[in-house]
Trainee: 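Below are the structure tokens for one structure; questions will follow.
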Amino acid sequence: MNMRLETNLRGAAARAYVRVVGANRELSWLLFEVAMPVLGTAAYVFIYRALEAPREYLGFVVLGGAMTAYWLNVLWAMASQFYWERQSGILETYMVTPISLMSILLGMAVGGMFQTSLRALSVWSLGSLIFGVTYQISHPWLGVGVFLVTLAALYGLGMLFASVFLLYGREAWHLSNLLQEPIYLVSGFYFPVKALGIWVAVLASFIPLTLGLDALRQVFFGGTSHGFLSPWLEAGLLTFLAALFILSARRALIHMEWLAKREGRLTLKWQ
């Protein structure tokens, strides 16, 4: 048992190493991954300034712009990873290694969190500095806890999507492209999700960043009145979502491996 656990942890560490080191070798990517989100955030900042909205809205936008980095990392570098590695012929190697696919996805998640956190921190710092955003952090440790469980739920969702992308291939790929901008809207990346109405906000709460952003904004801006739910309640819901998505991802991976053994291929149909 201990040997199996050690093997899986070493496999996860090796997969994380690739993400941490490999992604930072191409420094030109920093220009696009930091400068471009700042430009997108600036558009909403100027809109709020033109409307003479409260200054805390500028902080809402900057924080949302920074958190988009995690969503994009989950969608394109986590959920789609198995699909692209099947296309390049590497997936078969994963299937025959003596470690769990969950360990491989864990390594991807840890490595993705590290590199994406650097980009998100850069976007947040630059945005706060350029636009003069000030913060009144009410519960620092609650903020840290919300951030961590948000990432756990978000990357758990990415693990689940990894199986969906692999099983359904281009159909899931096109669907993710279709839903990217609507998810930006319903998750409240650039405005309080409460403004969409209670039922839309409830449905959007199944996307971890919806609750995570709402709770972080309340913590960072001294308990703003624009919050959807109590940040403590949102932290509890995020913990539940994290467990739900991770367990669902495990079942989906087991089902995917079963299909591979039964049918001798890694998709439900040829693509």
Trainee: Nearest 0.5 Å, what's the CZ-CG distance between Arg55 and Leu58?
Mentor: 5.5 Å
Trainee: Please confirm whether Phe221 and Phe60 have ring centers closer than 6.0 angstrom.
Mentor: yes
Trainee: In Å, rounded to the nearest 0.5 Å, how long is the span from CH2 of Trp124 to CG of Leu63?
Mentor: 8.0 Å
Trainee: Taking C-beta and beyond as the side chain, do Trp71 and Phe189 meet within less than 4.5 Å on heavy atoms?
Mentor: yes
Trainee: Go through the structure and list residues passing side-chain contact (heavy atoms from CB on, under 4.5 Å) with Leu247, not counting sequence neighbours.
Mentor: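 Leu247 satisfies side-chain contact (heavy atoms from CB on, under 4.5 Å) with no residue once adjacent residues are dropped.
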Trainee: How many angstroms lie between atom OG of Ser205 and atom CG of Leu241, to the nearest 0.5 angstrom?
Mentor: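 That separation rounds to 8.5 Å.
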Trainee: Roughly how far, to the nearest 0.5 Å, is OH of Tyr70 from CG of Leu213?
Mentor: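 Leu213 CG to Tyr70 OH: 11.5 Å, rounded to 0.5 Å.
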Trainee: May I ask you to check whether over 12 heavy atoms, not counting those of Phe245, lie within 6.0 Å of atom CZ?
Mentor: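 Count over threshold, so yes.
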Trainee: Taking C-beta and beyond as the side chain, do Leu157 and Pro208 meet within less than 4.5 Å on heavy atoms?
Mentor: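 A side-chain contact exists here, since the closest heavy-atom pair is under 4.5 Å.
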Trainee: Do Glu234 and Val146 have side chains that get closer than 4.5 Å, going by heavy atoms?
Mentor: no
Trainee: With side-chain contact (heavy atoms from CB on, under 4.5 Å) as the test, would you mind laying out the steps for Tyr57 and Tyr44 before giving the verdict?
Mentor: CA-CA 9 Å; Tyr57 273 73; Tyr44 290 91; over 6 Å; no
Trainee: Would you check if Ile130 and Val62 make a side-chain contact, meaning some heavy-atom pair closer than 4.5 Å?
Mentor: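 Sidechains of Val62 and Ile130: no contact.
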Trainee: To the nearest 0.5 Å, how far apart are CG in Leu229 and CG in Leu237?
Mentor: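 These two atoms lie 7.0 Å from each other.
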Trainee: Testing the 3.5 Å rule here: is there a donor-acceptor pair between the side chains of Tyr190 and Thr41?
Mentor: no
Trainee: Do Tyr135 and Ser128 get their side chains close enough for a donor-acceptor pair, meaning under 3.5 Å?
Mentor: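 Short answer, yes.
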Trainee: Let's go through Phe147 and Met67 carefully: what are the C-alpha distance in whole Å and the side-chain angles of both, what is the deciding distance for side-chain contact (heavy atoms from CB on, under 4.5 Å) to 0.1 Å, and is it a yes or a no?
Mentor: CA-CA 10 Å; Phe147 179 72; Met67 293 297 286; 4.2 Å; yes
Trainee: For the pair Val219 and Ile137, evaluate side-chain contact (heavy atoms from CB on, under 4.5 Å) and give the outcome as yes or no after the intermediate values.
Mentor: CA-CA 6 Å; Val219 170; Ile137 302 177; 4.1 Å; yes
Trainee: Quick one: do Ile207 and Ile183 satisfy side-chain contact (heavy atoms from CB on, under 4.5 Å)? Show the steps, please.
Mentor: CA-CA 8 Å; Ile207 304 170; Ile183 286 174; 4.0 Å; yes
Trainee: List in chain and number order the residues that pass side-chain hydrogen bond (donor to acceptor under 3.5 Å, both in side chains) with Tyr184, two or more places apart in sequence or in another chain; answer none if no residue qualifies.
Mentor: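 Counting only residues at least two positions away or on another chain, Tyr184 forms no side-chain hydrogen bond (donor to acceptor under 3.5 Å, both in side chains).
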Trainee: Can any side-chain N or O of Thr210 pair as donor or acceptor with the backbone N or O of Ala204 at less than 3.5 Å?
Mentor: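 Yes, the answer is positive, given that a donor and an acceptor are paired below the 3.5 Å cut-off.
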Trainee: Determine whether more than 12 heavy atoms belonging to other residues, nucleotides or ligands lie under 6.0 Å from atom CZ of Arg49.
Mentor: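 Enclosed: over 12 neighbouring heavy atoms sit under 6.0 Å from CZ of Arg49.
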Trainee: Taking atom CG of Leu238 and atom CG of Leu244, what is their separation to the nearest 0.5 Å?
Mentor: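 Answer for the CG-CG pair, Leu238 versus Leu244, is 12.0 Å.
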Trainee: Considering only heavy atoms from C-beta outward, does the side chain of Val186 approach that of Val193 to under 4.5 Å?
Mentor: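 Heavy-atom side-chain distance check fails, nothing below 4.5 Å.
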Trainee: To which residues is Ile47 joined in a hydrophobic cluster, defined by side-chain heavy-atom contacts under 4.5 Å among Ile, Leu, Val, Met, Phe, Trp and Tyr, whether direct or through other members?
Mentor: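 Besides Ile47, the cluster holds Leu51.
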